[in-house]
Amino acid sequence: MAAIELRGLTKVYPGGVKALDALDLVVPDGEFFALLGPSGCGKTTLLRTIAGLETATGGAVVIGEREVTDVQPGARDIAMVFQDYALFPHMDVTDNIAYPLRIKKVPKQERQRKAAEVAARLGLERLMDRRPGQLSGGQQQRVALARVMATQAQAFLFDEPLSNLDARLRLEARTFLKKLQRELGVTTVFVTHDQAEALAMADRMAVMENGVIRQIGTPAEVFQRPVNTFVAGFIGSTPMNLLDGVVRGDTLEVAGRKVAIPQAAGGRLVDGEKIVYGVRPEYLTYSAEPVDGAFGGTVAIVENLGASHLVTLESGDATVQAIVAEGGEPEPGAQGYALPRGDRALVYRDGDLVRG
Ligand code: ATP
């Protein structure tokens, strides 16, 4: 087991695309770290550069105590699971799991024993003679995981390993994978573009944009206090409400209403300056009656989320969304009011969080 450290890591592809821009990151020993960001932000490049499948243009990769920037992938002692699992179609499950051990010249009996032991942990023991084409997507994913586990590498790198699974299997797999990582305690970097997956699984996570890390933190930190409007809009199954406003003395004028200055921004704002007021739909209390400091509007859409509803209020050119508990949802066309929680609302200036 080992920590992973990136120092000023830069990757410029031939043709000039800067996929990683002087990136610094430390993933401590044993941590489950998720890398999240929109398509093309550099997640896969980052993972492949840690693995040595891409050569860094600048900076350094350190695994444990050893700088491995110029070390061949096979000698880095890390194991990677790809999106497509990369199983060998002509090999059965045993041989697929044991393949990395064969490369390491582990004797046949020993590698078969190891493959069987790991397969049993993943519930694959009755499938050992099958080939990948005779397995379901979820089973193939477990074989790919078993192969990684059998290598006993110092770190695991996962590149969207759950993206080929259907929604239900994906949920099961994510619980299972997290449990497994806990048990093994192996440092893991997990790439996903699915923010719910990152929030659910990671000890800590990074949100990337254009080759740069915009925020690193625990899922709770990133969810509750996004450091800029990009992260605020990206994280959360329903995006944060981001409303234009102006500071008016000791209150804010947001979407034509007077709103209290959120606690987090208290004392840091200048009268008359333009700001963006951010509050998650989960942190607005909905009411059918007018309330002081609430956003009022016409109910435009009511979306069923199961045990709650997402209500969209429109007023002039401002749109506010609020989560409303089962039974309290209004009818479209009604007047509604949404009161923000002052301890959860945030203020952004020039795109960056204003904080005490
Ligand atoms: P996705 O979620 O779509 O897989 P990603 O965040 O993993 O995206 P990367 O695949 O790392 O993004 O790509 C980062 C940037 O580098 C993109 O602009 C991409 O077009 C570019 N890129 C990736 N691979 C190459 C390559 N081999 N040659 C040139 N440019 C590349």
Side-chain angles (χ1 to χ4, degrees), residues 6 8-12 17-27 33-47 49 159-160 163 189-247 252 254-255 259 262 264-265 268-269 273-284 310 312 317-323 340-341 344-356:
L6 311 178
L9 195 67
T10 299
K11 172 69 186 179
V12 183
V17 176
K18 199 182 236 183
L20 302 176
D21 191 358
L23 212 132
D24 293 311
L25 175 66
V26 178
V27 180
F33 190 86
L35 266 177
L36 183 70
S39 181
C41 71
K43 306 179 295 291
T44 297
T45 303
L46 182 52
L47 214 59
T49 312
D159 191 2
E160 306 227 12
S163 59
V189 182
F190 186 98
V191 160
T192 177
H193 64 264
D194 178 344
Q195 51 86 28
E197 205 162 272
L199 287 171
M201 295 172 78
D203 295 322
R204 284 192 317 146
M205 59 197 272
V207 182
M208 283 183 77
E209 183 191 18
N210 294 334
V212 176
I213 291 180
R214 296 292 181 201
Q215 183 165 8
I216 297 180
T218 63
E221 283 163 0
V222 176
F223 183 80
Q224 287 174 7
R225 294 174 69 80
V227 295
N228 54 44
T229 47
F230 168 76
V231 177
F234 192 75
I235 297 288
S237 40
T238 50
M240 185 182 283
N241 294 293
L242 294 169
L243 304 162
D244 289 332
V246 182
V247 181
L252 301 176
V254 179
V259 180
R268 310 239 148 215
L269 301 174
E273 74 171 331
K274 288 188 174 167
I275 51 100
V276 167
Y277 182 86
V279 63
R280 292 205 177 281
E282 291 87 346
Y283 299 139
L284 283 156
L310 179 66
T312 303
D317 46 12
T319 300
V320 175
Q321 294 190 305
I323 302 273
R341 260 178 71 175
R344 283 286 180 267
L346 303 166
V347 174
Y348 294 91
R349 178 196 288 134
D350 299 328
D352 291 323
L353 181 66
V354 178
R355 47 189 152 176

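Remember, predicted model here, so these are calculated numbers, not experimental data.
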Ignoring hydrogens and angles, write down the donor-acceptor pairs under 3.5 Å from the side chains of residues 209-216, residues two or more places apart or on other chains.
unit_1, atom_1, unit_2, atom_2, d
Glu209, OE1, Arg214, NE, 2.8
Glu209, OE1, Arg214, NH2, 3.4
Gln215, OE1, Val227, N, 2.9
Gln215, NE2, Arg225, O, 3.1

CG of Asn241 to CG of Leu346: how many Å apart, nearest 0.5 Å? 11.5 Å

Closest heavy-atom pair, Asp24 versus Gly8, reported as atoms and distance to 0.1 Å, is OD1-N, 2.7 Å

Atom CG of Asp244 and atom CD1 of Ile275: how far apart are they, to the nearest 0.5 Å? 8.0 Å

Rounded to the nearest 0.5 angstrom, the OG1-CE distance for Thr45 and Met208 is 8.0 Å

Distance in Å, Tyr277 OH paired with Leu242 CG, rounded so as to fall on 0.5 Å steps: 11.5 Å

For Pro340 and Val259, the nearest pair of non-hydrogen atoms, with its separation, is CG-CG1, 4.4 Å

Taken in chain and number order and not counting sequence neighbours, the residues that satisfy side-chain hydrogen bond (donor to acceptor under 3.5 Å, both in side chains) with Arg341 are Asp343

Which residues share a ring pair (Phe, Tyr, Trp, His ring centres under 6.0 Å) with Phe230, sequence neighbours left out: Phe234

What heavy-atom pair brings Ala318 and Ala255 nearest, and what distance separates the two atoms? CB-CB, 3.6 Å

Is it true that a side-chain atom of Arg344 and a backbone atom of Glu282 form a donor plus acceptor pair closer than 3.5 Å? no

How far apart are the closest heavy atoms of Met205 and Ala202, and which atoms are they? CB-CB, 4.3 Å

Report yes if the side chains of Gln224 and Tyr283 come closer than 4.5 Å at any heavy-atom pair, otherwise no. yes

Check: Gln195 side chain, Ile235 main-chain N or O, donor-acceptor pair, under 3.5 Å: no

Any sub-3.5 Å donor-acceptor pair from Asp352's side-chain atoms to Asn228's backbone N or O? no

Can you see which heavy atom on Val27 is nearest to which on Val189, and at what distance? CG2-CG2, 4.3 Å

Out of curiosity, Leu47 CG to Glu160 CD, how far, rounded to the nearest 0.5 Å? 10.0 Å

Check Thr10, Leu6, Leu20 against Thr49 for a side-chain contact (heavy atoms from CB on, under 4.5 Å) and give me the one that passes. Leu20

Got Leu252 and Pro262 here, is their nearest side-chain heavy-atom distance under 4.5 Å? yes

Does Pro38 reach the side chain of His193, with side-chain heavy atoms less than 4.5 Å apart? no

If you round to the nearest 0.5 Å, how far is CG of Asp159 from OG1 of Thr44? 4.0 Å

